Amino acid sequence: MKVKEFVEKHSLRGAVTAGLLDHLRIEAETDVPEERIHAAYKAVFGVSLATAETEVSSAAPVETATGDQADVAADRSSRRRPGVSRTDDTQP
């Protein structure tokens with residue numbers, strides 16, 4: 001299987017593909033056994049591709065701040081002094 005086909009089959013993103021190709025030290029058009037690509041994915045990212053796909057599909061949807069939560073966040077951000085970051089240790 002060509003790495004390019006593997007990437008399309010598993011809908012891998014650009015950065016993931018680049019990391020995989022770099023680890024394998026091959027071009028996207030190179031024919032490689034699929035087991036070797038799976039092993040390389042696990043070596044690079046520390047998780048098997050099947051596990052990663054399961055985690056993504058079963059992940060809870062991300063909640064957005066609504067109502068009172070949004071008001072509290074806006075109030076907190078308005079209290080900051082302009083031009084002063086939280087990591088700035090100098091006194092004005």
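Everything numeric here is computed off the predicted structure, so don't read it as measured data.
- Residues His38 and Phe6 bring their aromatic ring centres within 6.0 Å.
- Taken from NE2 in His10 to CG in Leu20, the straight-line distance is 10.0 Å, to the nearest 0.5 Å.
- Rounding to the nearest 0.5 Å places OH of Tyr41 at 9.5 Å from OG1 of Thr17.
- The existence of a salt bridge linking Glu34 and Lys9 is confirmed by a sub-4.0 Å separation between a basic side-chain nitrogen and an acidic carboxylate oxygen.
- Contact detail for Ala40 and His23: the closest heavy-atom pair is CB-CD2, 3.7 Å.
- A side-chain donor-acceptor contact under 3.5 Å links Glu5 to the backbone of Lys2.
- In this structure, the separation between CG on Leu49 and CG on Leu12 is 6.0 Å, given to the nearest 0.5 Å.
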